[in-house]
Amino acid sequence: MTVVRFEAVTKRYPGVDMPAVADLNLVCGDGEMLALLGPSGCGKSSTLKMAAGLEELSEGEIRFDDEPVSRLDPGARNIAMVFEDYSLYPRMTVRENIAFPLAARGVDRETAKGRVDDALALLGLTGMADRPVTGLSGGAMQRISIGRALVRDPRLILFDEPLSHLDGDQRVQLRTEIKRLQKTRGVTSILVTHDQTEATAMADRIAVMRHGVLQQVDTPEAMYERPANVFVANFIGEPPMNMLAGRPAGAGAVHVEAFGRAFAVSPLRASIANARGQDLIIGMRPEHLAIARAEGATADAVVSYRESRGDADSLVLEPRTGADVDILVEIAGPSDIRPGDLVSVSIAPERVHLFDRVSERNVEQRP
Ligand SMILES: Nc1ncnc2c1ncn2[C@@H]1O[C@H](COP(=O)(O)OP(=O)(O)OP(=O)(O)O)[C@@H](O)[C@H]1O
């Protein structure tokens with residue numbers, strides 16, 4: 001049972017000007033699964049390695065509960081790691097791989113056997129316990145590596161892109177399983193991933209990073225509903241949010257340049273945007289836009305592309321103002337909308353996100 005605290009943590013690599021991690025303040029709660037999410041190079045692996053003791057901090061401190069750990073060797077931190085490439089011992093059996101950390105710590109045979117049997121049962125591996133690990137599926141190998149992590153009863157498990165070598169079905173299955181195991185055992189966990197679907201599905205909270213700087217920490221739902229800035233709004237949600245230039249347009253409305261007209265927005269957001277009076281980036285998620293066939297002046301756009309996925313149709317719209325911007329729309333499928341159709345566009349006021357065009361911050365954030 002451990003609370004992990006990153007306190008003003010900075011990581012600089014020799015010869016590199018930009019810090020890989022800059023002044024990170026972040027707490028992973030007891031029993032929580034926290035995802036570090038961001039594109040390649042954003043500093044998530046450096047953060048994980050500092051927690052593990054595989055990289056030194058340049059500044060700041062990491063605490064497990066109240067204990068500073070930045071000067072402790074990796075072996076003294078009681079951390080388990082699950083890597084993307086499983087890191088199993090190929091010549092050993094499933095059981096021997098899981099038992100390895102216990103043998104290495106001198107746990108007596110009887111106790112070790114009990115704990116390994118428990119882990120095998122928990123992971124559904126009992127039937128293959130005495131098989132060599134070579135030749136097993138990627139999903140089975142990753143379950144073994146999770147078993148090896150759990151059997152040690154660590155203070156913290158660090159998952160480093162644990163699903164990236166698995167194919168579609170195994171990924172979905174294992175991400176559910178990891179979440180179940182993590183919750184059953186209540187072990188504090190940090191997950192590094194560049195995949196927002198994975199982070200959203202597995203984590204209690206997500207910390208989005210960019211260029212070493214933490215952008216937002218929140219539950220997946222809160223991050224989807226109230227992204228702190230344009231970067232987070234683009235990163236969370238698939239397909240990404242439409243980002244359209246606009247400006248405040250009086251009480252309860254904003255003007256969207258691409259459509260050449262006003263849209264109603266939530267009164268709070270509109271009043272903040274109006275009070276500041278700045279140019280806006282107006283965010284509309286593809287799945288929140290609704291369209292209807294329209295004629296003449298009521299038409300906002302023409303459908304230029306349609307991809308049918310059975311239960312959903314993805315559309316690309318070209319605004320009739322001639323604005324050089326593609327609008328993505330996701331609607332329930334199969335629909336009878338076809339390329340060339342003229343449509344009007346609507347969206348519920350509370351689904352419209354407003355960002356300052358200069359700072360790219362959500363207008364609801366304090367300036
Ligand atoms: N050993 C190193 N020496 C110098 N620079 C490094 C080193 N390791 C990482 N970096 C740099 O630090 C920054 C952050 O890298 P880091 O690996 O932490 O990011 P990441 O988000 O995990 O990316 P990836 O998913 O590609 O590993 C990058 O600019 C990277 O080039």
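Each residue takes its place number in the sequence, starting with 1. Bear in mind that the values here come from a model prediction, so they are computed numbers and not experimental data. Order of listing sets the numbers, starting from 1, for every ligand and every atom in it.
The closest non-hydrogen atom to atom 26 (O) of ligand 1, taken over Gly212, Ser45, Ser164, Ser40, comes from Ser40. Around atom 28 (C) of ligand 1, the closest heavy atom drawn from Cys42, Gly43, Gly41, Pro39 belongs to Gly41.
For ligand 1, none of its N or O atoms has an N or O atom of Val16 under 3.5 Å away.
Panel note: side chain Asn362, backbone Asn229; no donor-acceptor pair is recorded below 3.5 Å. Put simply, the side chain of Asn274 never gets that close to the backbone of Pro248: no donor and acceptor are under 3.5 Å apart. In this structure, the side chain of Gln215 does not engage the main chain of Ala207 through any donor-acceptor pair within 3.5 Å.
Close approach to Ser46 involves these atoms of ligand 1, each under 4.0 Å from a residue heavy atom: 15 (O), 16 (P), 18 (O). Close approach of ligand 1 to Ala20 (heavy-atom distance below 4.0 Å) involves ligand atoms 12 (O), 13 (C), 14 (C).
Ring planes of Phe100 and Tyr89: tilted class, angle from 30 to 60°. Between Phe263 and Phe259, the ring-plane angle classifies as tilted under the 30° and 60° cut-offs.
Atom CG of Asp66 has 12 or fewer neighbouring heavy atoms from other residues, nucleotides or ligands inside a 6.0 Å radius.
Contact annotation: Lys44 has at least one heavy atom less than 4.0 Å from an atom of ligand 1.
Looking at Asp300 and Arg261, a side-chain N of the basic residue comes within less than 4.0 Å of a carboxylate O on the acidic one, giving a salt bridge.
Closest protein heavy atom to atom 9 (C) of ligand 1: Tyr13 CE1, 3.4 Å.
Distance remark: protein heavy atom present below 4.0 angstrom from atom 3 (N) of ligand 1. Taking a distance limit of 4.0 Å, we find that atom 6 (C) of ligand 1 is approached by some protein heavy atom.
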